[in-house]
Student: 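Pasting a structure here, questions to come.
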Amino acid sequence: MPDQSRGNLNSEGQILAKDSPSPSNQKRKSLTSFILTFLASFVIWLILSGKFDLFHISLGIISCLIVAYTSADLLLPQQKLGHLIKVWLRFIRYLPWLLYQIFIANLHVMYLVLHPRMNQLIAPGIIRFKSKFSDEMSLFIFANSITLTPGTITVYVTVDGNYAVHAIDRKSGEPLPGEMEQRVANIMGE
Amino acid sequence: MDIVVTIILIGGLFFFAGGAIGIIRLPEFYCRLHAAGQLDTMGVLWTMAALALYVLDDFSLGAILTSLKIILIVFFLFITSPTATHAIVDAGVRAGLRPWRKRGAEE
Amino acid sequence: MDSIFFYSALFFSILMLLSLYRAVFGPTVLDRLVGVNAIGSKTTVLLILIGLMYHRVEMFVDIALAYATLNFLAVLAASRYFQKRKGLYDEAPTE
């Protein structure tokens, strides 16, 4: 059980921290991110263990403290608490729209796959465009949103915002740096 | 309740079937990834929603914990599936596989 | 309800056989990897279905969670490994 929660947090943290500056100049770990990491991993512990007696809860507290101490600066970048809460609320409001887009695009790809003359319909190709983001977090969210939407896969992203996207046909690749980029920009408050 | 669960489950199976047929039919590696990665993620979302609803039918602490775990699996898959897809695409690009261009109807 | 779960599990097995075709006969290594990934994500759902059929879902859901984690790690490791074996280290992707 502790291995699973730890692995989950670690893999998530490495994705987030791939482009962040080296932690050597941030030696003093911020207390806010420590507490938030502890709470998140402890909730995951409670869900996974499902036993609420003293022994299991104390085991969970000890291992979550260790995890929070070692990886607090990986999960959350250094930010103020109020800003973090606002970003999370806006992110949660973004999710239903994203799910709706994923659903629409899924139906489109299903139509392509089940069509008998599929080879004439698809026109795969790579689209390049430059986004206006400079923040790593919004680059990350935008790239993952593109990949989650069927018909488009992010091939690579550079730090200064150059995207290469593989699109399966013209219709799914066309509207790309449009509304989704605007929505992601709204999340981060840019 | 059973009817709702069955309908959602069949919707998820529909997406999974699309994914599997897409993996077979699509002409080339990059296109297959579209079917494999994303249609499967959508299918997982639907089937897991159906199963979580079914588990939650008899309301108790264990049932709530089990359906929370199912939701945790879906959450985990929604984080990891783009990463895995991107890892495979990256491997393909670095290995020098050219994307398929339309040239007649071969394969 | 049990029979619905049984038939959907059967349907999953047929879909896994279809994906297995790509995993066995795929022209390139990465095609096989795509097939294996698809089989893995179907197995996660299939494990929970099996748990519901045997009325032990609180045990099988842990196995499914561990399987999802393992599947993700296996795909990541395999794709990194095969990209290394090609010996192409240049950072700028061509086309």
Side-chain angles (χ1 to χ4, degrees), chain B residues 1-2 5-6 9-10 12-13 16-17 19-24 28-30 32-33 35-37 39-41 43-44 47-48 50-52 54-55 57 62-63 65-70 72-74 76-77 79-81 83-99, chain C residues 1 4-5 8 11-12 14-19 21-23 26-31 33-35 37-42 44-45 48-49 51-52 57-58 60-62 64-65 67-69 71-91 93-95:
Chain B
M1 194 60 161
D2 283 1
V5 168
T6 310
L9 191 62
I10 288 176
L13 286 179
F16 268 122
I21 294 170
I23 290 176
I24 296 253
E28 175 251 4
F29 153 70
Y30 290 101
R32 280 174 201 143
L33 260 180
L39 289 177
D40 275 11
T41 312
V44 164
T47 45
M48 290 295 193
L51 298 182
Y54 179 76
V55 168
D57 201 9
L65 276 176
T66 307
S67 58
L68 272 180
K69 275 181 203 169
I70 293 179
L72 200 65
I73 294 175
V74 175
F76 182 73
L77 271 173
I79 293 176
T80 58
S81 156
T83 314
T85 309
H86 176 252
I88 300 176
V89 163
D90 200 36
V93 167
R94 287 184 194 214
L97 276 178
R98 293 304 178 91
Chain C
M1 208 61 200
I4 291 174
F5 287 147
S8 30
F11 190 65
F12 266 115
I14 295 169
L15 290 184
M16 282 164 75
L17 278 182
L18 289 182
S19 309
Y21 169 80
R22 191 48 75 196
T28 66
V29 174
L30 293 166
D31 280 313
L33 202 56
V34 169
N37 190 12
I39 290 178
S41 65
K42 288 175 185 59
T44 314
V45 185
I48 296 184
L49 278 175
L52 281 171
V57 68
E58 67 276 3
F60 275 85
V61 83
D62 289 338
L65 188 54
Y67 194 86
T69 316
N71 184 37
F72 170 61
L73 287 182
V75 168
L76 267 191
S79 60
R80 291 291 133 179
Y81 176 70
F82 288 118
Q83 134 190 346
K84 245 183 173 178
R85 258 180 66 144
K86 289 287 182 181
L88 298 177
Y89 288 103
D90 46 344
E91 284 297 315
T94 60
E95 186 47 50

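Computed over heavy atoms, backbone and side chain alike; hydrogens, waters and symmetry mates excluded. In what follows, chains are A, B, ... by sequence order, proteins preceding strands, each numbered from 1.
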Student: Residues two or more places apart in sequence or in another chain: which of them pass side chain to side chain donor-acceptor pair (under 3.5 Å) with C:Asp31?
Tutor: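 Partners of C:Asp31 under the side chain to side chain donor-acceptor pair (under 3.5 Å) test: B:Arg32, C:Thr28.
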Student: Is there a side-chain contact between B:Met48 and C:Thr44, using heavy atoms and a 4.5 Å cut-off?
Tutor: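 Yes, their side chains come closer than 4.5 Å.
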Student: Under a 4.5 Å heavy-atom cut-off, does chain B meet the side chain of C:Val75, its backbone, both or neither?
Tutor: side chain
Student: Taking only residues two or more places apart in sequence or in another chain, which ones pass ring pair (Phe, Tyr, Trp, His ring centres under 6.0 Å) with C:Tyr21?
Tutor: C:Phe25
Student: For C:Leu15, is it the side chain, the backbone, both or neither that has a heavy atom under 4.5 Å from a heavy atom of chain B?
Tutor: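 When you check distances to chain B, atoms from both the backbone and side chain of C:Leu15 fall under 4.5 Å.
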Student: At a 4.5 Å cut-off on heavy atoms, which part of B:Ile23 comes close to chain C: side chain, backbone, both, or neither?
Tutor: both
Student: Among C:Ile39, C:Asn71, C:Ile48, C:Ile14, who wins on heavy-atom pairs under 4.5 Å with chain B?
Tutor: C:Ile48
Student: Would you check if B:Val55 and C:Glu58 make a side-chain contact, meaning some heavy-atom pair closer than 4.5 Å?
Tutor: no
